Amino acid sequence: MNRRDFLQNAAAGALAAAAQSGRAAPVTSKMIGIQVGAVSFVDEGVDKVLDEFQQDAQVNTLFVATFTYGRGIAGRQVPGSPLPDHGKQEYDNGSGPGTFQGGSYTKVHPEYYKDTVLTDFRAPDFGDYDVLEAVLPAARKRGIKTICWFEDVWNDRVRNVRQAQEKHLDGSNAGTLCFNNPNYRNWLLGTVEDYARSYEIDGIMWGSERQGAFANALGSSHGGGAPSGVQRVTCFCEFCESKAKERGIDVARARTGFEALGRFLQASRGGRRPVDGYYVTIWRLMLRHPELLAWEMLWTDSLRETYAAMYNKVKSIKPSLGMGWHIWHNNSFSPIYRAEQDLSELSKYSDFLKMVMYHNCGGPRMASYIRAVGSTIYGDVPQQELLDFHYRILDYKHEKNLAEIPQAGFSADYVYQEAKRAREALTGAKTQLWPGIDIDIPTGANQSKSTPDGTKQAVLAAFRAGADGVLLSRKYSEMKLANLRGAGDAIRELNLA
Ligand SMILES: [Zn+2]
């Protein structure tokens with residue numbers, strides 16, 4: 001296909017997508033977003049960063065990391081990974097001012113946190129610095145929109161956090177917070193209210209990269225690793241147990257089911273193959289203990305209710321404010337997690353969805369997922385066969401074999417397939433589809449790395465599949481400028497900006 005044919009196809013695709021969704025969506029209305037943390041503005045200066053975004057990639061929307069205790073979206077480059085070719089050329093894992101600690105990078109307005117014990121979560125990294133106060137005026141002057149971007153990542157050192165944490169099966173506290181705990185639910189609602197009322201923003205995005213107890217026990221995610229047993233699955237707190245009872249789930253039977261699953265996992269870890277094999281035995285456990293699945297769905301429905309509550313809160317304050325979600329990369333690997341991401345459900349309370357389609361780190365992450373489930377539910381299946389099976393059921397047509405994907409990554413066609421699938425699932429919905437594009441997300445030393453052309457092809461594929469925008473991820477402070485410009489090359493080629 002030559003360039004002109006491609007452009008014609010792209011234009012036709014955009015028109016088809018617009019017709020399909022019933023929106024008059026001129027090609028120029030595409031959302032070109034980038035995720036950026038406070039540290040980049042502090043280190044490099046607001047105007048310098050915005051100049052770079054506009055010149056390199058025609059960015060028209062900032063996704064500013066406003067709250068997290070994680071390094072995935074805040075802080076400088078992850079220590080151990082090479083520093084990019086901009087920003088301070090040192091890591092922020094030392095001590096003293098500027099050290100990455102995490103929390104809220106905006107001022108905390110206490111009136112919105114009266115119904116929660118979580119009131120002390122301001123990031124100390126830059127003193128009184130409020131990233132929205134620093135960035136909003138300059139962004140607005142340039143016609144750039146700003147979306148607050150925060151995630152479900154906490155730290156054990158936060159005051160009172162134990163009163164909001166999930167409980168493991170064994171009754172101990174988890175590091176994760178429970179959506180059914182009023183302290184956390186009210187914190188989430190207070191935070192979106194704080195953003196909506198305190199700042200002239202254009203939208204809010206929140207993300208939770210977690211799943212329920214059954215999927216976690218099976219290690220059904222990238223990085224799932226060898227499961228550490230069922231004693232550490234969540235959530236079995238008083239709020240979840242009482243919600244389970246309301247749904248007619250027998251809590252004692254659920255516990256019995258997870259204990260049985262635990263014995264299976266322990267035997268698997270010890271290399272003892274069940275008499276009838278791994279897959280059959282998992283089915284026997286699910287048939288005997290349907291509460292295993294009921295508990296998984298309890299967790300998933302609680303997340304969905306949290307989405308809906310946050311959405312309704314924002315709309316009650318300012319209907320024009322966009323509210324949407326970052327959907328975890330596990331959606332690209334685990335059929336269980338994918339089944340839980342029912343876009344026809346999610347679209348009811350989503351103005352937009354950032355569906356993660358990170359092509360480069362997708363290769364190593366898929367290999368990691370295959371290893372994890374290859375030691376539990378699919379313990380009898382040779383791992384290349386297991387990967388082929390997943391390619392087939394997840395509908396990936398042109399990805400490489402297991403020995404190659406850690407070094408090769410996934411192709412742009414993976415982005416195309418995922419964006420096309422999401423586009424079709426959102427037919428008739430108002431929800432905008434903004435694929436998350438991988439630019440320099442850290443991978444292992446000998447693993448696949450982002451390239452300018454790979455990034456460009458991923459962006460082209462997203463738009464060819466009918467995306468309403470792209471979100472360059474995960475954070476500017478880990479991106480090389482040449483790869484950011486690769487994304488910009490696609491946007492310029494499609495004449496989107
Ligand atoms: Zn709970």
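Order of appearance sets the numbers: ligands from 1, and atoms from 1 within every ligand. Computation of the quantities below employed the complete heavy-atom set of this structure, encompassing side-chain atoms and omitting hydrogens, waters and symmetry-equivalent molecules. On a predicted model such as this, the values are computed, not experimentally measured, just so you know.
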Sphere of radius 2.8 Å around the Zn ion (ligand 1) - protein N, O or S atoms inside: Cys178 SG, Cys235 SG, Cys237 SG, Cys240 SG
Glu478/Arg76 salt bridge by N-O under 4.0 Å criterion: no
Passing option when Val161 is tested against Asn183, Asn155, Leu177 for side-chain contact (heavy atoms from CB on, under 4.5 Å): Leu177
Flag side-chain contact, heavy atom, 4.5 Å: Pro182 against Phe239: yes
Close side-chain approach of Leu62 to Ile34, heavy-atom, < 4.5 Å: yes
Whether Tyr112 and His109 hold their rings parallel, tilted or perpendicular, with breakpoints at 30° and 60°: perpendicular
Contacts of Arg253 that satisfy salt bridge (charged side-chain N to carboxylate O under 4.0 Å, His left out) - sequence neighbours left out: Glu291
